[in-house]
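The structure appears below as structure tokens.
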Number of protein chains: 2
Amino acid sequence: MKRIALYHLETLLWIARLGTFRAAAERLNTTQPAISARVREIEDQLGIAVFRREGRNMVLTARGRRLVQECEPLWAGFEKALLTASGFEGATGVVRIGSGEIAAASCLPGFVHAVERELPGVTLELELDLTARMFQQLLGGTIDLAFLAGPVASPGIRTAPIGAVGLVWVASAATVRAGGFDQSLPVWSIPDHSPLHGVTVGSLSAHGIVPRSLGTCNNVRTLIDIVSGGGGAAVLPEPMVRQMLESGALAEVLPRPDRTIQFEAAIRRTESDPLVLELFRRAGELRIES
Amino acid sequence: MKRIALYHLETLLWIARLGTFRAAAERLNTTQPAISARVREIEDQLGIAVFRREGRNMVLTARGRRLVQECEPLWAGFEKALLTASGFEGATGVVRIGSGEIAAASCLPGFVHAVERELPGVTLELELDLTARMFQQLLGGTIDLAFLAGPVASPGIRTAPIGAVGLVWVASAATVRAGGFDQSLPVWSIPDHSPLHGVTVGSLSAHGIVPRSLGTCNNVRTLIDIVSGGGGAAVLPEPMVRQMLESGALAEVLPRPDRTIQFEAAIRRTESDPLVLELFRRAGELRIES
DNA sequence: CGCAATCGATAACAGTCTCTGATCAATGAA
DNA sequence: TTCATTGATCAGAGACTGTTATCGATTGCG
């Protein structure tokens, strides 16, 4: 009984969350046989069946479910006790972070740097994806913490604002020299998932402009490449193009839109891992500014 | 961080209780170097000093003390969750039981047998000692559960009555044939720690008997040997001499005293180990009768 | 002061455990 | 059926844990 370690319980909790041994193995950075072995150890030690075969999946038995329920708060409390004891300096573990591309450009460098400086021992695994998919991944347990653009709200998700960045209308210097912003200039934007899209459309109609075309690209870096290559104009986050504006590669072609892009950090509302909560707290202390 | 197991915490808790690594090692049925290694593992994992050298002892640091305080209920919670999950059938561990000699004769056989039948995997370590010393051992953590004779009360100790046995005045058959109980017959008893002593003295004065001598022996079995060898008369628990009464080796020499010997189970009031609490609960369900 | 007792640290070695990687059987979907 | 997925199993390598036998440091006692 005493030979049950914390990672046994952690394993149990992640299997319960993710549904399969394999997913838990991936989440815990190990292999499926190792997960099987841990489960078998738990069952041997306790002398009960925690899982029951159901088709090709394993499902918690009644006792197993109860055990998980009882252990979850205990495990969280335990992690918290250990982490606070070491002032989070001895924090160890892997935290998966998802981020939208715009948020990544603005938030991730500073955040990652701060974590690596203040919490060595914590490994971050970053994954850039669309905001929409991020929610699934958060709720599904594939990621623990997300950085998103635009005010979002969803049941089961807890968010904290971490700042905003201004927007600018830019086009390549060559485009400006060739006549500036007129109706013949293509406009590029991000698919309508993103708040950037709304700002682009709104700003165009506010200026009474109907562009020749409104192209979209789901990758902001590529979009910048397109614009800087003379492909048209776009509304972009100021920090992402600041350098190119300063170097003259890009130029502003319309007044800056009033609206800003809000950034938020997000976690599961039911998150109990103290390390994730601590990272969320620290993320909330980030102040992103133009 | 995840590599900390439950026994690491248990180790910490027992060091905190007992004061030295060595004592904890003995209590946990292992060696002192193993304890040192566990402590080092905890400190390495947390990156903090849990103990500080103080003369030739190790003392908890402020952080260490806090960690212990926070972990104690968590550890108990884990143990309880695991034990209840397995219905105590998978219970594993060593529980130290202290017992007075009289209580041992009346309570231990049944209790030990029940535990071995219903809770295989639980190892009991029995130690017979004087009631007075039992309290020290309980409070000091050397034993976890005690069986005692006579109503006792002490701060820091929780007790539960588990029954009573009647008393008989006995002497050897030879002694009875030689004239029965008269003033010339020596009386034997236990030192005044025990309630038996009070009963012996009270019963003598109630019968107006002043014995030739009142010897004491701190070992009841030896005392029985003395009496059955013709050495005198004594007040003894009925179950302990029943067989010798039936076989005729001993005979009753005075009316049975009204008073009985009460038996109680005792644990630390602060006890948190679910296994010990469970054994205490089961002990409380014992019903000892004459 | 010297001596014995106690405390904890350390090193070497043996035994055990745990993980990985490569399979295999069972199940369900195309 | 064929293929993809899930978990079980097994052999081997590597890491970990515990024990024994020591050591240095400190304390208490003559």
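Residue numbering restarts at 1 for every chain, and letters A, B, ... go by the order of the sequence lines.
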Distance, rounded to the nearest Å, where [X] contributes [atom1] and [N] contributes [atom2]:
{"X": "N57(A)", "N": "dA26(C)", "atom1": "CG", "atom2": "C1'", "answer": "12 Å"}
{"X": "I35(B)", "N": "dC7(C)", "atom1": "CD1", "atom2": "P", "answer": "13 Å"}
{"X": "I4(A)", "N": "dC17(C)", "atom1": "CD1", "atom2": "P", "answer": "14 Å"}
{"X": "R22(B)", "N": "dT6(C)", "atom1": "CZ", "atom2": "P", "answer": "9 Å"}
{"X": "Y7(A)", "N": "dT18(C)", "atom1": "OH", "atom2": "C1'", "answer": "7 Å"}
{"X": "M58(A)", "N": "dT27(C)", "atom1": "CE", "atom2": "P", "answer": "13 Å"}

Next item on the list: Nearest 0.5 Å please: distance from the CZ atom of R63(A) over to the CZ atom of R66(A).
Entry: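 If I round to the nearest 0.5 Å, the distance is 9.0 Å.
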Notebook entry, point to check: What is the distance from atom OG1 of T11(B) to atom CD1 of I4(B), rounded to the nearest 0.5 Å?
Noted result: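 With rounding to 0.5 Å, OG1 (T11(B)) is 11.0 Å from CD1 (I4(B)).
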Of all the heavy-atom pairs spanning [X] and [Y], show the shortest one and how long it is.
{"X": "V59(B)", "Y": "E54(B)", "result": "CG2-CB, 3.2 Å"}
{"X": "L60(A)", "Y": "R65(A)", "result": "O-NH1, 3.4 Å"}
{"X": "T216(A)", "Y": "H197(A)", "result": "CG2-CE1, 4.2 Å"}
{"X": "R221(A)", "Y": "A105(A)", "result": "NH2-CB, 3.7 Å"}

Check: R53(A) or A34(A): which one's nearest nucleotide on DNA chain C is closer to the 5' end?
Finding: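 The 5'-side residue here is A34(A).
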Checklist line | Heavy-atom side-chain proximity of L119(B) to R282(B) below 4.5 angstrom | finding: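 Touching, per the 4.5 Å side-chain cut-off.
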Next item on the list: Determine whether L277(B) and R158(B) make a side-chain contact, defined as any pair of heavy atoms from C-beta on separated by less than 4.5 Å.
Entry: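 L277(B) reaches R158(B) side chain to side chain.
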Check: Does atom CD of E26(B) have more than 12 heavy-atom neighbours, drawn from other residues, nucleotides or ligands, at distances under 6.0 Å?
Finding: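 Atom CD in E26(B) is not crowded, with 12 or fewer foreign heavy atoms closer than 6.0 Å.
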Checklist line | Comparing P33(A) and Q32(B) on DNA chain D - which has the more 5′ nearest nucleotide | finding: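 Closest to the 5' end, via its nearest nucleotide, is P33(A).
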Item checked: Terminal contacting nucleotides, 5' and 3', DNA chain D versus chain B (heavy atom, 4.0 Å) ->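 First-to-last contact on DNA chain D, by the 4.0 Å heavy-atom rule, is dT17(D) to dT27(D).
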Next item on the list: Would you classify A37(B) as touching base, sugar-phosphate or nothing, given that sugar-phosphate means primed atoms plus P, OP1 and OP2, and contacts are heavy atoms under 4.0 Å?
Entry: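 Here A37(B) touches no strand at all.
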Checklist line | Difference in axis direction between the ends of the helix from dC1(C)-dG30(D) to dA30(C)-dT1(D), five pairs, 10° | finding: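 Taking five pairs per end, the axes differ by 30°.
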Note to self: With a 4.0 Å cutoff (strictly under), does any side-chain N or O of S36(B) reach OP1 or OP2 of dG8(C)?
What the structure shows: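 Indeed not, no polar side-chain atom of S36(B) lies that close.
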